[in-house]
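One structure is given below, encoded as structure tokens.
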Amino acid sequence: MPPKKAKKKIEGGSNVFSMFEQTQIQEFKEAFTIMDQNRDGFIDKADLRDTFAALGRLNVKNEELEDMVKEAPGPINFTVFLTMFGEKLKGTDPEETILNAFKIFDPEGKGHIKADYIKEMLMTQADRFSQEEIKQMFAAFPPDVSGNLDYKNLCYVITHGEEKD
């Protein structure tokens, strides 16, 4: 009887695994496995350095890697990794909220915004984007041939992590 009771307690609302859908947990597991370069079940500075190198970013400063590792309360196994993402994602706006924010710039409800217009808004209003941030955004979400940004797809990717087919 006690093991069954213990299992129920683990499945409660405070369990990090209950924060995510099974497909999300699987995606996080794949990301963890990719980052755990030496396959020891933990992500450490060497793993982070190797991951950056695999992504083409060489010569990452030691302090930068140390700061990343220090964000964790201890050694970064998968549960700690998932907990860290859970904490980062807590408070992330739901897809509908982000969509509604974009709809302000799309009063006709077309589902897209002129890339030049959104660039101007992002660089001149409120928390202004830098030229580099604009460049990164359009690299990740390039406008179509007509110069439009598909904000519905962008919102989906922000909240779900992958493009709709």
Side-chain angles (χ1 to χ4, degrees), residues 1-99 101-102 118-119 122-123 126-143 149-165:
M1 241 8 206
K4 202 172 194 177
K5 190 175 183 184
K7 188 172 192 245
K8 275 187 180 175
K9 190 175 182 185
I10 291 168
E11 289 175 356
S14 64
N15 178 356
V16 68
F17 290 92
S18 67
M19 291 175 63
F20 300 103
E21 295 172 23
Q22 196 58 45
T23 54
Q24 292 173 304
I25 292 171
Q26 187 57 42
E27 288 171 1
F28 281 123
K29 185 66 176 168
E30 288 170 22
F32 180 86
T33 302
I34 290 167
M35 293 175 73
D36 182 18
Q37 297 275 312
N38 63 5
R39 303 289 182 256
D40 66 353
F42 295 91
I43 295 175
D44 58 19
K45 277 188 347 185
D47 290 324
L48 290 175
R49 185 178 305 286
D50 292 344
T51 301
F52 275 117
L55 295 170
R57 185 166 168 218
L58 307 172
N59 305 322
V60 180
K61 291 188 175 111
N62 213 33
E63 300 79 39
E64 192 177 350
L65 298 172
E66 285 173 11
D67 287 346
M68 288 179 196
V69 172
K70 282 182 197 168
E71 284 188 41
I76 307 172
N77 63 16
F78 180 63
T79 303
V80 171
F81 181 80
L82 197 60
T83 302
M84 290 172 73
F85 270 97
E87 288 169 359
K88 295 263 188 224
L89 295 173
K90 201 185 306 171
T92 301
D93 292 318
E95 184 176 6
E96 184 180 357
T97 303
I98 299 169
L99 262 176
F102 275 103
I118 197 68
K119 176 183 174 182
L122 290 170
M123 292 183 76
D127 291 334
R128 294 178 175 101
F129 274 43
S130 68
Q131 191 65 45
E132 181 59 29
E133 288 169 321
I134 293 289
K135 194 172 117 186
Q136 289 173 355
M137 184 183 87
F138 286 131
F141 302 100
L149 181 69
D150 176 359
Y151 69 82
K152 288 183 177 182
N153 190 46
L154 173 63
C155 292
Y156 183 86
V157 173
I158 290 170
T159 55
H160 294 85
E162 57 192 49
E163 291 194 43
K164 286 184 188 177
D165 290 332

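Numbers here simply count residues along the sequence, with the first being 1. In this text, all values refer to a predicted model and were calculated from it rather than measured experimentally.
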Go through the structure and list residues passing side-chain contact (heavy atoms from CB on, under 4.5 Å) with N38, not counting sequence neighbours. D36, D40, D44, D47
Let me confirm one number: the CZ-CG distance from F102 to L154, rounded to the nearest 0.5 Å. 4.5 Å
Taking only residues two or more places apart in sequence, or in another chain, which ones meet E30 in a salt bridge (Lys or Arg N to Asp or Glu O under 4.0 Å)? none
Hey, could you give me the CD1/CG distance between I34 and D50, rounded to the nearest 0.5 Å? 14.0 Å
Could you tell me whether E132 atom CD has more than 12 heavy atoms of other residues or ligands within 6.0 Å of it? yes
Shortest non-hydrogen pair, V60 vs R57, comes out as CG2-O, 3.8 Å
Reported CD-to-CD distance for the pair Q22 and Q24, which is rounded to 0.5 angstrom: 10.0 Å
Run the side chain to side chain contact (heavy atoms under 4.5 Å, CB included) check on E64 and R49 step by step: do they pass? CA-CA 10 Å; E64 192 177 350; R49 185 178 305 286; over 6 Å; no
Could you pull out all residues at least two apart from A53 that satisfy side-chain contact (heavy atoms from CB on, under 4.5 Å)? L58
Start with the C-alpha gap between L149 and M137, add the side-chain angles, then the distance that decides, and say whether side chain to side chain contact (heavy atoms under 4.5 Å, CB included) holds. CA-CA 10 Å; L149 181 69; M137 184 183 87; 4.1 Å; yes
Minimum-distance pair of heavy atoms, taken over all atoms of V80 and P75: CG2-O, 3.6 Å
How close do L122 and I134 get, heavy atom to heavy atom, and via which atoms? CB-CD1, 3.8 Å
Going by the rule side-chain contact (heavy atoms from CB on, under 4.5 Å), which residues pair with E133 if we only count those two or more places apart in sequence or in a different chain? F129, S130
Minimum heavy-atom distance between M68 and L48, given as atom pair plus value: CB-CD1, 3.8 Å
Which residues share a side-chain hydrogen bond (donor to acceptor under 3.5 Å, both in side chains) with E71, sequence neighbours left out: K88
Using a 4.5 Å cut-off on heavy atoms from C-beta on, say whether the side chain of I118 contacts that of Y151. no
F78: which residues meet the side-chain contact (heavy atoms from CB on, under 4.5 Å) condition with it, sequence neighbours left out? F17, I25, F28, K29, F32, F81, L82
Can you sort out the partners of E66 under side-chain hydrogen bond (donor to acceptor under 3.5 Å, both in side chains), two or more places apart, ordered by chain and number? K45, N62
Side chain to side chain donor-acceptor pair (under 3.5 Å) pairs touching residues 74-86, sequence neighbours excluded, are none
Just to verify, what does R39 make a salt bridge (Lys or Arg N to Asp or Glu O under 4.0 Å) with, not counting sequence neighbours? none
Flag the pair K119 / Q131 as yes when at least one side-chain heavy-atom distance between them is below 4.5 Å, and no otherwise. yes
To the nearest 0.5 angstrom, please state how far the SG atom of C155 sits from the CG atom of L99. 4.0 Å
